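For reference, positions follow the sequence shown, starting with 1. Please read all numbers here as calculations on a predicted model, not as lab measurements. Each ligand, and each atom within it, is numbered from 1 in the order the structure gives.
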Amino acid sequence: MSTVKLTVNGKAVAVEVEDRTLLVHLLRDHLNLTGTHVGCDTSQCGACVVHLDGRAVKSCTMLAGQADGASVTTIEGIAKGDELHPMQAAFRDNHGLQCGYCTPGMIMSAIDIVQRHGGQLDEGTVRQELEGNICRCTGYHNIVKAVLDAAGRMKVSQAAE
Ligand code: FES
Ligand code: FES
């Protein structure tokens, strides 16, 4: 057992876990943040994507101990009170989700994509960059529309800040 200290959605936490515990299980089982999902056991689906120090990572493919000292953001941490993150609003408005199981990981990956590509984002880039996130429901088309829509909204909201 080891104590892992990290910041999750802006809050400092210390959690005692077995050394083999994966980050996704620390989030879900110890912190009850169950928005982050598990869709596979081979690191393909991306349902478990969270941000680690601002970059998208698959939390099923990291030990919790490797996140010691890091800042983790999950899907539960991106809205500001009642105000959705622009990526969440764009997924809703473009009907980019059906069952919702892939959505937390999709949204966390998509925010990372927009942050890395900014204004250079086009449909081909979005499709290529979302290669690590699988969806069984949507056929991806509306997800791509949502990400491109959100890229515009995020630029506007960053400019307003
Ligand atoms: S649970 Fe499928 S990639 Fe992490
Ligand atoms: S919305 Fe169901 S898996 Fe993507």
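- Counting all heavy atoms, side chain and backbone alike, Ala90 lies closest to Asp149 at CB-OD2, 4.1 Å.
- Close approach of ligand 2 to Gly100 (heavy-atom distance below 4.0 Å) involves ligand atoms 1 (S), 2 (Fe).
- The nearest protein atom to atom 1 (S) of ligand 1, hydrogens excluded, is given as Gly39 N, 3.4 Å; this is a heavy-atom distance.
- Both the backbone and the side chain of Cys45 come within 4.0 Å of ligand 1, counting heavy atoms alone.
- Salt bridge absent: Asp68 and Lys5 never bring a charged side-chain N and a carboxylate O closer than 4.0 Å.
- Close contacts of ligand 2 with Cys102, meaning ligand atoms under 4.0 Å from a residue heavy atom, involve 1 (S), 3 (S), 4 (Fe).
- Taking every heavy atom of Ser43 and a limit of under 4.0 angstrom, the matching atoms of ligand 1 come to 3 (S).
- Here the CG atom belonging to Leu6 is positioned 7.0 Å from the CG atom belonging to Leu23, to the nearest 0.5 angstrom.
- To the nearest 10 degrees, atom 4 (Fe) of ligand 1 sees SG of Cys48 and SG of Cys60 at an angle of 100°.
- In this structure, atom 3 (S) of ligand 1 lies nearest to the protein heavy atom Gly46 N, 3.2 Å.
- In this structure, a donor-acceptor pair under 3.5 Å is absent between the side chains of His30 and Glu16.
- When atom types are taken as modelled, the side chain of Thr21 and the backbone of Glu18 share a donor-acceptor pair closer than 3.5 angstrom.
- Put simply, Cys99 gets within reach of atom 2 (Fe) of ligand 2, with an N, O or S atom under 2.8 Å from it.
- Atom numbering of ligand 1 starts at 1 in the shown order; those under 4.0 Å from a heavy atom of Cys40 are 1 (S), 2 (Fe), 3 (S).
- Here the side chains of Arg153 and Asp93 are in contact, with some heavy-atom distance below 4.5 Å.
- Taking 2.8 Å as the criterion, Cys135 counts as a coordinating residue of atom 4 (Fe) of ligand 2, since one of its N, O or S atoms falls below it.
- Under a 4.0 Å N-O distance rule, the pair Glu123/Lys145 does not qualify as a salt bridge.
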